[in-house]
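Encoded as structure tokens, the structure appears first; notes follow it.
Chain identifiers are assigned alphabetically (A, B, ...) following the order of the sequence lines, protein sequences preceding nucleic acid strands; residue numbering begins at 1 within each chain.
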Number of protein chains: 2
Amino acid sequence: MITDSFPPAVRVALPAGTMAFFMTQSPDKPSTKDAIIATAVDLFHRKGYYAASMSDIARGSGIHKAGIYYYFSGKEALLYGIMKRTMDDLLAHLKNSLADAKGVEASMRAAVRGHVEFHLRRQKQNFIANSELRGLSPAHYKAVVKQRDDYERIFQSLIRSGVDEGVFAAGDIKILSYAILTLCTAGAFWFKSSGRLSVEHIAAIYEDFVLKGLKDGTLKAIQRPNEA
Amino acid sequence: MITDSFPPAVRVALPAGTMAFFMTQSPDKPSTKDAIIATAVDLFHRKGYYAASMSDIARGSGIHKAGIYYYFSGKEALLYGIMKRTMDDLLAHLKNSLADAKGVEASMRAAVRGHVEFHLRRQKQNFIANSELRGLSPAHYKAVVKQRDDYERIFQSLIRSGVDEGVFAAGDIKILSYAILTLCTAGAFWFKSSGRLSVEHIAAIYEDFVLKGLKDGTLKAIQRPNEA
DNA sequence: GTCTATAGGAGGATAGAC
DNA sequence: GTCTATCCTCCTATAGAC
């Protein structure tokens, strides 16, 4: 029976690059369904959604392509499942990051750090979630965009609180939220877990960069008139 | 005769959304070649490189699909031409922005402002150049990545000068350059020219945000040890 | 320069055996 | 549950007429 359902959520959080995020049973023998999902994530990330074929995904999963349709109704269902679960987990991760933070500055630091860490640790899924929206059906597109908007609103309300309390400099809240989120999201595009710097170190750099950018400093251009 | 050659460069710089960037003759009647390029830019941006078919491009250009092969050797040649010219123009634009700036802070401000303005004014091409690299042949891929690296190096040497002179806070130069560039590039993904804010206003916000982030401020996390 | 026609292949998806 | 076989559509690219 085809359900298009994905295994509940993240059970284990292990180093990036493994299939661990998808496993629902023994790490030694992932279920066929988990193998399909993990392969799809890998191929959508490496080649892109359109360039990755169902045959590719089947080959990587150790089955033949017709077998995929026993678990999923089609290629788009696979894409949507990956994106939806990534957005679900992203939101849960943010709420978790914010749980212990007291005050607006500490909250923003926690939010930025959490956002960066999630994007670096689950690089492939986040890359897909940010670059393959056009592959979704209209209904699924709307659903994922709504998830993204809900997530962004949390950052926007943090910025607004900070500005109201005088902790952050005045500025355009939407533009600032886009700036902060895209800045941190972009890490998922170039980060190499084998590189010089750890996830935590990069998250700390971003945290400082964003906080300095938000606070009062050497303002000069905000009110600059349009130039010729 | 097929040459895959693109018209020399930017002749006219008019509002985004027009075909003006591609026109080499009268704005009233673009050449077939210019129409093909402009349509390809539009479709690669809206639907993605793989999802846009040669038939789509031909239809938008007012010819039939076989006609495209009179001007271009294939679909990939079209993609590469768009990307190469975008990167050429981007580099030229940066050099032009930097020409009059004196001192490292003013230079960085000019560079950021120029980068943002170019990305917002030529949104579609920059979106393509940043998201469709996987569609290129290996040789063309290498060529475009080299152009991008050359461009990044200019920002990196600006950051390095600023740090050496004590104008900017110490930090990881590569990470900072990626942060700055992806931050500003991301504007090409969400910017709407019909929106509330002008290109110049957004560029000014980004300029301040980046400069505050680079200068000394309320450092706290750079040396933080890894957390549990 | 642009068209019609078509080659040649690949991809998503289904039917039905095992 | 997974396989083999196949359908049907769509795509890039070419051939050759006009």
Side-chain angles (χ1 to χ4, degrees), chain A residues 1-7 22 24-26 29-44 46-82 132 134-138 140, chain B residues 1-7 22 24-26 29-40 43-44 46-82 132 134-138 140:
Chain A
M1 183 194 56
I2 303 173
T3 62
D4 287 345
S5 79
F6 268 51
F22 296 113
T24 53
Q25 48 178 59
S26 150
K29 201 176 72 59
S31 74
T32 299
K33 186 165 190 171
D34 289 339
I36 293 168
I37 297 172
T39 307
V41 166
D42 190 58
L43 289 173
F44 290 169
R46 279 208 338 257
K47 309 176 61 168
Y49 174 67
Y50 283 99
S53 73
M54 292 299 262
S55 302
D56 291 337
I57 297 168
R59 198 174 314 120
S61 316
I63 57 171
H64 284 228
K65 68 173 174 178
I68 297 177
Y69 294 89
Y70 177 77
Y71 297 99
F72 299 100
S73 61
K75 195 181 176 187
E76 195 264 353
L78 215 30
L79 178 64
Y80 176 60
I82 292 167
E132 299 291 4
R134 286 176 303 202
L136 295 172
S137 71
H140 287 161
Chain B
M1 184 193 58
I2 303 174
T3 62
D4 288 343
S5 79
F6 268 50
F22 296 111
T24 53
Q25 48 178 59
S26 151
K29 201 175 72 58
S31 73
T32 300
K33 187 165 191 171
D34 289 339
I36 292 168
I37 297 173
T39 306
L43 289 173
F44 290 169
R46 281 210 334 258
K47 309 176 61 168
Y49 174 68
Y50 283 100
S53 73
M54 292 298 262
S55 301
D56 291 336
I57 297 169
R59 197 173 315 120
S61 315
I63 58 172
H64 284 228
K65 65 176 174 177
I68 298 177
Y69 294 88
Y70 177 78
Y71 297 99
F72 299 100
S73 61
K75 195 181 175 186
E76 194 266 352
L78 214 32
L79 178 64
Y80 176 61
I82 291 166
E132 299 291 4
R134 287 176 303 202
L136 295 172
S137 71
H140 287 160

Phosphate OP1/OP2 of dT2(C) contacted by Tyr70(B) side-chain N/O (<4.0 Å): no
Whole angstrom value for the distance that separates P of dG1(D) from OH of Tyr71(A): 6 Å
Side-chain N,O (Thr32(A)) to OP1/OP2 (dT2(D)) below 4.0 Å: yes
Atom-pair distance (CD1 on Ile68(B); C1' on dG1(C)), nearest Å: 14 Å
List the atom pairs, with distances to 0.1 Å, where a side-chain N or O of residues 62-73 of chain B and a protein N or O form a donor-acceptor pair under 3.5 Å, not counting sequence neighbours.
{"unit_1": "Ser73(B)", "atom_1": "OG", "unit_2": "Asp4(B)", "atom_2": "OD1", "d": "3.2"}
{"unit_1": "Ser73(B)", "atom_1": "OG", "unit_2": "Asp4(B)", "atom_2": "OD2", "d": "2.6"}

Atom pair CZ/CG of Arg134(B) and Leu79(B) - distance to nearest 0.5 Å: 12.0 Å
Protein proximity profile, nucleotides 4-18 of chain D - base contact B, sugar-phosphate-only contact S, no contact -, cut-off 4.0 Å on heavy atoms: B------SBBBB---
OH-CD distance between Tyr49(A) and Glu76(A), expressed to the nearest 0.5 angstrom: 5.5 Å
Results of side-chain hydrogen bond (donor to acceptor under 3.5 Å, both in side chains) for Arg46(B) - residues two or more places apart only: Asp42(B)
Asp56(B) to Lys47(B) - nearest heavy-atom pair and separation: OD2-NZ, 3.1 Å
Interatomic distance, Phe72(A) CZ vs dT14(C) P [rounded to whole Å]: 15 Å
Geometric class of the His140(B)/Tyr80(B) ring pair [parallel <30°, tilted 30-60°, perpendicular >60°]: parallel
